[in-house]
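Since this is a predicted model, take the numbers as computed values, not measurements. Each chain gets a letter, A, B and so on, in the order the sequences are listed, and its residues count up from 1.
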Amino acid sequence: MSSYSDDDAFEAAAARPSLSQMAMSAAASARGADYLDGLNPAQREAVETLDGPVLMLAGAGTGKTKALTARIAHLVNTGNARPNDILAVTFTNKAAREMKNRVEGLVGGHGVGMPWLGTFHAICVKQLRRHAELVGLKSNFTILDTDDQIRLLKQLINAAGIDEKRWPARQLAGLIDNWKNKALTPAKLGAADEAAFNDRGKVLYAQYQARLKDLNACDFGDLLLHMVTIFQNHPDLLEQYQSRYKYILVDEYQDTNVAQYMWLRLLAQGHRNICCVGDDDQSIYGWRGAEVGNILRFEKDFPGAKVVRLEQNYRSTPHILAAASSVIAGNRDRLGKELWTEETEGELVRLIGHWDGEEEARWVGEEIEAMASGSRARLRRYSLEEQAILVRASHQMRAFEDRFLTIGLPYRVIGGPRFYERLEIRDAMAYFRVVISPEDDLAFERIVNTPKRGVGNKAMQDIQSVARENGVALKEGARIAAQEGILKGKARGAVAQLIEQLDRWSSLAIQQIRYDGVADEDEVVERPDHDPAEISHIELAEMILDESGYTTMWQNDKTPEAPGRLENLKELIKALEQFDNLGGFLEHVALIMDNESDEQEEKVTIMTLHGAKGLEFPVVFLPGWEEGLFPSQRSMDESGLKGLEEERRLAYVGITRAEEVCTISFAGNRRVYGQWQSQLPSRFIDELAPEHVDILTPPGLYGGGGAAGGFGGDAFGSGREASFSDAVSKADAYNSPGWKRLQERSQRLGTAKTNLRQPKKARNMVVDSTATPVFGVGERVFHKKFGYGNVVDTEGDKLTINFDHSGEKRLVASFVMAADKAGE
DNA sequence: AACTTCTTACTTTTT
DNA sequence: GTAAGAAGTT
């Protein structure tokens, strides 16, 4: 039926002019809707264009969440919609939480509840639990995580007699994931995809889906894919949902994949009241199925769409914005957008080269401390909380961690294995899963010999064959195998005992409602009153972990991680407090998978550029801007120009995280997989507009009191005996075409206060105004946002300009050009 | 079944 | 260089 390429589904319903909307909007203003106060014209337009498709192109730091929440408030306030006529979709739970908080304050008291607000996955789970039978599942299906997925696929690969070493399960999992992102069921795979994975891709995919159905389970991709399938096959049902969600809002639209796009399009068909918010320049998740195309194509997908650009930035100072703009300008596939700010003061983006990665880490550490103590000339004091290091790849973090540990600089690494992905948490959860769903084979397999009970490969195989012969789940198979004496010795007793325990725990858990998620918010959930004598789910959880011997296992473990793991188990029990029962908790974890910890100590943040999207820091360090590392070689090899453009967007995201001070750095030498390599500065460094960059000189470089000559000796500080070849590679790095070009340009433009060949004392000098293009009083100039104007006063490099249309503004000279050069 | 050695690969990561 | 996972050993 309807498919991805079927473009004209929306054409049928032409944009309807809404007379009521204008009247109501006026009424809302008259009533003094305070959510409209303080919106700039673009934001206001995005908020007040209620009917029909709207694309809100919101650049970094332009107040999109404000606009989005104001829009929801406006929909309700004008009477166009009741809160629960609105569907608002986000990508992350964090974003959903944030929006929920902000909307609650705005929409409270307007009748019917809250908008349908959640991640794509959370909303799809709700839908799927109601209609599971339409894709052959029961409504209490389990959601598998990656680990379960891989183990399942391994079994299938082995069963198919394929060498798992040459064809690893991970790879197949990746392929299947990709297909699901593209909304491809096994039947819809193209010829090329069928041939994937040693010609078995399609067959294994189909087998995997069949196994999932047997297990009454699905993976993350299925949540979307199943709902798309259901909507496509059941138009009547789709219609119900279309009229339930009268207005749809989507955050981070540039990150949607094909399946998500199709789901949205199906739901928005008809009324077409869909407002997508996003920034094509911040699309950095192409590698996991996000289609920038979705946002680039919006106007074609939704004819008559209104496109609103939010370009006024409230986050960063002008040089930072200008530097970011100069980099992103190198991308071809853009909708086009330029950030600007009313702010006129601010630092240049700082650029510095180092001898190697360790030196870079050392320098950053010192710089952070100087910032924190307030000893940086011209700069205010920045607490550790206000500073962040953003890296391209997580392995870069190590150098910083090592250095910060030795100097005792408190830091926090964001990312890495999440709480619910840790081994001990997953084990504990597997116990809970078997207790709640005795037919959960994957969970049973995980815990049957954890802690060690003497149930090894042989015993497991016996259990599996018994289960298969009797057509029952593993747990039942194990019961039979133990009773009938198929299992021998230690295994037999251990399994019998485990089964007895599981049965007992299950009966204790049975009164508790399994899934809250099945019921809609507007339906009353029947909840049995808790008998106070009855065991709580928290006590039950503790009982399970203690009686199974799991806690003891870690208490007896003398590896350094053991205490931390016990600590985590306690955290897990604590997390249960927020739920009514184990089932509800499991559902939450399957979808949320993160755990906010409350820290109070001030710390520097270290994280990846990907992790930093949506965040901002007064001070940002961007280390490792080197060819191969950033842009990542792999990205370019695998995806060519597309890959490079995504890397460039990542650079843009990085720079635009900074509010006040942005420092980019690179190293001339770096250890890559244990091998020393000489590195070239990143091409993105070449792309930085030199007039917005301040090149710093590393300490110790040519500044060490005359001992240094050329590239030899201790010229690079750090007490290292630099070898000749090291010196050569250092020289190579600084003689690279890009670096030279940058320096030449900087010198020509006179904005570089120092370069690598000058002594270090010039490091914190103010921009040398004599070398900057000078404008005199009365001169006519052009600014790309404010237009033409006359210089009325000068002070160093700061000009006071009376603009023809925007009035008087104080600007840094490098942001304006002579009016005649601009073509006046 | 548990321990040890060897091979291999190696961005980014949410749900 | 290292960490995980598989194969080989006790």
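Distance from the side chain of A:K165 is smallest to C:dA6 among C:dA6, B:dT12, B:dT15. Distances were taken from every side-chain heavy atom of A:Y673 (C-beta onward) to each of B:dT13, B:dC10, B:dT15; the shortest belongs to B:dC10. The side chain of A:K154 sits closest to C:dA6 out of B:dC10, C:dA6, C:dG1. Comparing B:dT11, B:dA2, B:dT15 against the side chain of A:T119 picks out B:dT15 as the nearest. Among the nucleotides B:dT12, B:dA2, B:dT11, the one closest to the side chain of A:E647 is B:dT11. Nearest to the side chain of A:N449, among B:dA2, B:dT13, B:dC10, sits B:dA2. Counting only heavy atoms from C-beta on, A:A393 has its side chain closest to B:dT11 among B:dT11, B:dT13, B:dT15. Checked against C:dA6, B:dT11, B:dT13, the side chain of A:S635 finds its nearest nucleotide in B:dT11. Candidate nucleotides B:dT15, B:dT12, C:dT2 were compared by shortest atom distance to the side chain of A:R398, and C:dT2 ranks first.
The backbone N or O of A:L225 lies less than 3.5 Å from no partner atom in the side chain of A:D222, so there is not a single donor-acceptor pair.
Using a 4.0 Å cut-off, some side-chain N or O of A:T608 falls inside it from OP1 or OP2 of B:dT13. Residue A:Y285 places no side-chain N or O under 4.0 Å from the OP1 or OP2 atom of B:dT11.
The base of B:dT12 is not paired with the side chain of A:R634 by any donor and acceptor separated by under 3.5 Å.
Pair assignment for C:dA4 gives B:dT7, based on Watson-Crick or G-U wobble hydrogen-bonding distances that are each under 3.5 Å.
For the pair A:V135/A:F141, no side-chain contact is recorded, criterion being any heavy-atom separation below 4.5 Å from C-beta on.
The gap from the P atom of B:dT12 to that of C:dG5 amounts to 16 Å, rounded to the nearest Å.
Closest-nucleotide positions on DNA chain B for A:S639 and A:G456 were compared, and the one nearer the 5' end corresponds to A:G456. The nearest heavy atom of DNA chain B to A:V455 and to A:I284 marks one nucleotide each, and the one closer to the 5' end goes with A:V455.
Between A:H395 and A:Y673, the ring planes lie tilted relative to each other; the angle falls in the 30° to 60° range.
Screening A:R288, A:Q282, A:K613 against A:D255 for a side chain to side chain donor-acceptor pair (under 3.5 Å) leaves a single residue, A:K613.
If you check the side chains of A:N669 and A:E359, you find no donor sitting under 3.5 Å from an acceptor.
Atom CD of A:Q633 and atom P of B:dT12 are 16 Å apart (whole Å).
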